[in-house]
Amino acid sequence: MGERVKYSREFKLEAIRLASEPDQSVPKVARDLGISDSSLYGWIRQEKKAGERAFPGKGKQNLTEEQAEIKRLRRELEIARQERDVLKKAVAFFAKEN
């Protein structure tokens, strides 16, 4: 039994685009790309269901735009807090020297 092949998000989206062209069929595109029909049909279903959030990749979260913005803002806030703490320690350190 062979190792499972993992395809990139770009590959999947391009395969879906090719299959949606009027002069193409899913089995023909799948055969041309060397993938199974069922894989391509599955990708098409996933893309219809999740839209832009389809195929997030390994370890990536399938977040809505709002969730991604909240995550980014929380990350920025944590960095700002760390920078503030470093500055507080630096001020205390330099205050002791005088």
Side-chain angles (χ1 to χ4, degrees):
M1 195 167 180
E3 191 174 319
R4 184 175 170 184
V5 179
K6 296 179 183 176
Y7 297 99
S8 69
R9 179 178 196 275
E10 292 76 22
F11 179 86
K12 292 175 183 179
L13 292 174
E14 182 63 15
I16 292 168
R17 187 191 66 75
L18 289 171
S20 67
E21 290 184 0
D23 60 334
Q24 299 290 327
S25 67
V26 171
K28 181 183 181 315
V29 171
R31 190 173 43 255
D32 291 346
L33 295 175
I35 59 175
S36 69
D37 297 1
S38 61
S39 292
L40 185 50
Y41 280 118
W43 296 345
I44 292 168
R45 274 193 310 276
Q46 282 182 288
E47 200 270 334
K48 283 182 182 175
K49 183 178 178 183
E52 286 292 318
R53 296 182 299 143
F55 320 117
K58 183 178 180 182
K60 296 183 182 176
Q61 296 176 341
N62 202 359
L63 302 176
T64 65
E65 189 175 317
E66 291 84 14
Q67 291 171 328
E69 178 71 6
I70 290 170
K71 185 176 178 179
R72 183 187 65 77
L73 291 171
R74 285 184 176 154
R75 193 175 328 119
E76 284 182 18
L77 179 59
E78 181 57 31
I79 291 169
R81 285 180 176 154
Q82 290 173 359
E83 290 171 347
R84 179 203 61 200
D85 292 344
V86 167
L87 290 173
K88 279 184 180 179
K89 290 177 184 177
V91 167
F93 175 77
F94 289 116
K96 287 181 186 177
E97 285 187 355
N98 292 334

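Values in this document were obtained by computation on a predicted structure and should not be read as measured data.
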Worksheet item: Hey, quick one: are V5 and F11 part of the same hydrophobic cluster, counting side-chain heavy atoms closer than 4.5 Å, chains of contacts allowed?
Response: yes
Fill in: Ion pair R74/E78, N-O distance below 4.0 Å
no
Item to complete: Using a strict 4.0 Å threshold on nitrogen-to-oxygen distance, state whether D32 and K28 make a salt bridge.
Response: yes
Discussion item. For R72, give me all partners under salt bridge (charged side-chain N to carboxylate O under 4.0 Å, His left out), at least two apart in sequence or on another chain.
Written reply: E69, E76
Enumerate donor-acceptor pairs with a distance under 3.5 Å from any side-chain N or O in residues 33-46 to protein atoms, sequence neighbours excluded.
| residue | atom | partner | partner atom | Å |
| --- | --- | --- | --- | --- |
| S36 | OG | S38 | OG | 3.3 |
| S36 | OG | S39 | N | 3.1 |
| S36 | OG | S39 | OG | 2.8 |

Worksheet item: Does CD in E65 sit with more than 12 non-hydrogen atoms of other residues, nucleotides or ligands closer than 6.0 Å?
Response: no
Practice prompt. Show your working on side chain to side chain contact (heavy atoms under 4.5 Å, CB included) between R17 and E14 and close with a plain yes or no.
Written response: CA-CA 5 Å; R17 187 191 66 75; E14 182 63 15; 2.5 Å; yes
Practice prompt. Hey, could you give me the CD1/CD distance between I70 and E66, rounded to the nearest 0.5 Å?
Written response: 7.5 Å
Worksheet item: If you round to the nearest 0.5 Å, how far is CG of D23 from CG of L18?
Response: 10.0 Å
